[in-house]
Amino acid sequence: MADGRPTTDWSKFVAPLVLGLAALALWEGLVRAFKIPPYLLPGPILILQTLVTDWQTLMESWWITMSISLAALSVAVILGVALAVAFAASKWIERSFFPYAVVLQVTPIVAIAPLIIIWVNDVKLSLLICAWIVAFFPILSNTTVGLNSADRNLVDLFRLYRASGWQTLRYLKLPAAMPYFLAGLRISGGLSLIGAVVAEFVAGTGGSQSGLAYRILESGYQLRIPRMFAALALISASGILLFLALSLLSHLCLRRWHESALKQES
Amino acid sequence: MAAIVTCRNIAKRFANGTLALDDVSLDVVEHQFLSLLGPSGCGKSTLLRLIAGLSEPSAGKIDWQAGASGLSFVFQEPTLMPWATALDNVLLPLRLAHVPTAERQDRATVALAQVGLAGFEKSYPRELSGGMKMRVSIARALVTRPKVLLMDEPFAALDEITRFRLNNDLLELWQRESLTVVFVTHSVFESAFLSQRIAVMAARPGRVIEDIAVDAPYPRLPDYRTSLTYNEHCRRASAALERAMAHG
Ligand SMILES: Nc1ncnc2c1ncn2[C@@H]1O[C@H](COP(=O)(O)OP(=O)(O)O)[C@@H](O)[C@H]1O
Ligand SMILES: [Mg+2]
């Protein structure tokens, strides 16, 4: 600011909030003014009402989708980091496995989801595998780059002090990889949710154990469009929530040392 | 005066064919302050890395009287771990050597105090100035109580005032700890201020062409920098460097 006073932090949140509310008001106004029927486009108030009346069902589905995403993300973190460490330990492992990781990454999930759903008997497990496939690669590739990004001179220093492979990993390579891993994690968080939703669309199975994607399909068949929007809003909100949570985690891990987390001097 | 490291007829050819060193013989004498002076690219860093055992000579032999465990290395950059506090950076060599926690904390605290950084234990590298980071780096090198300290242009990136101060402090540490120092520099003035002996190197291929004794007494206080003796040693080192450049 010109007068040197620091910009208050909350203006960062207020500005987009005001814009969002204005857009919602405009939406509601247009829906009412042109008398658009709710099965074409419901207004935000109706969507909110649906969210409240269908809260029970929607929350059950929300939890199923979220638990699949989070489980997939966790498996992606464990396997991604483990494989990246194996890559760092052996060029041969890296050369042998990396091309297949790329294949996994470039194959559209909608194309392989039907196969996985056929092969795996359990629906939830098949959704988890699909979500994992999408979430896995950013963590693997980012962590691999991170593990190789340690300062050359520090690597020499560890050699000079006869550090074991484990010590070099623990005290040098893993901390150096941290910012890269966390950047990958933030991408994978959103991807795991997308993977879980897309796979459920493909699976298209109903029952009491279904997630938000099936609620959208079901509402479409039944022309309960406000409920469709309510489910959609929940998916977006979950994506935002995941992103914010992972950003916070990243900030907490890096704030004391990494450039990306430092407050800018003004 | 015993040689603590002996380099005999060593050569170093890199994988890409560069002959970085050819037929270098050099004794590092115990407790001596030795400078390696030469133009950029003459193989100073290569020689220092060979002495440290970080790379292998292509020919010739290097003997360590002390065993490589008594060696420490200071790089041109502070080379600190940005995610660790000053104290954690300094105690790293002890941690790698499985020294018990309490003891390594104590020794690292003492080492930081030795380089004038008492009270900065909990600071992260980004919170320290260039000179302070270099002090942390030196504390880390000293914490293992090495016999030989290898330094590769450690002060080249610092401003002159900071460099002079660190020069004085280094000489004090060298005397107090009776270290053996091999100090790489491309500065005639720095080598003549610090060392007892200057090995002048020429490039393409890298070799030692002259070995100059600087017999001014220690402690060398700041007024040594303006003395006639210092001036004379600078002149001799400078002339040798001229010849080294002509060789290259
Ligand atoms: N790893 C390497 N591979 C190939 N050539 C190298 C390598 N390291 C250094 N050199 C070459 O060896 C010569 C000496 O380098 P160096 O020892 O770094 O010189 P100085 O430290 O005196 O500036 C230079 O020509 C440099 O390009
Ligand atoms: Mg060099």
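Below, chain A is the first sequence line, B the second, and so on; all start at residue 1.
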In terms of heavy-atom proximity below 4.5 Å to chain B, should A:Asp156 be classed as side chain, backbone, both, or neither?
both
Is B:Tyr124 in contact with chain A via its backbone, its side chain, both, or neither, using a 4.5 Å heavy-atom distance?
side chain
To the nearest 0.5 Å, what is the distance between OG on A:Ser74 and CG on A:Leu79?
10.5 Å
To the nearest 0.5 Å, what is the distance between CD1 on B:Ile62 and CD1 on B:Ile51?
6.5 Å
Note: vs chain A, highest number of non-hydrogen pairs under 4.5 angstrom among B:Arg49, B:Gln76, B:Glu77 is B:Arg49
Check the angle between the aromatic planes of B:Phe33 and B:Trp174 and answer parallel, tilted or perpendicular using the 30° and 60° thresholds.
perpendicular
So which part of A:Ala150 gets closer than 4.5 Å to some heavy atom of chain B, the side chain, the backbone, both or neither?
neither
Taking all heavy atoms of B:Phe14 and all of B:Ala20, pick out the closest pair and write down the distance.
CE1-CB, 3.5 Å
Relative to chain A, which segment of B:Leu80 carries a heavy atom at a distance below 4.5 Å: side chain, backbone, both, or neither?
backbone
Donor-acceptor contact present, side-chain A:Ser250 to main-chain A:Leu246, <3.5 Å
no
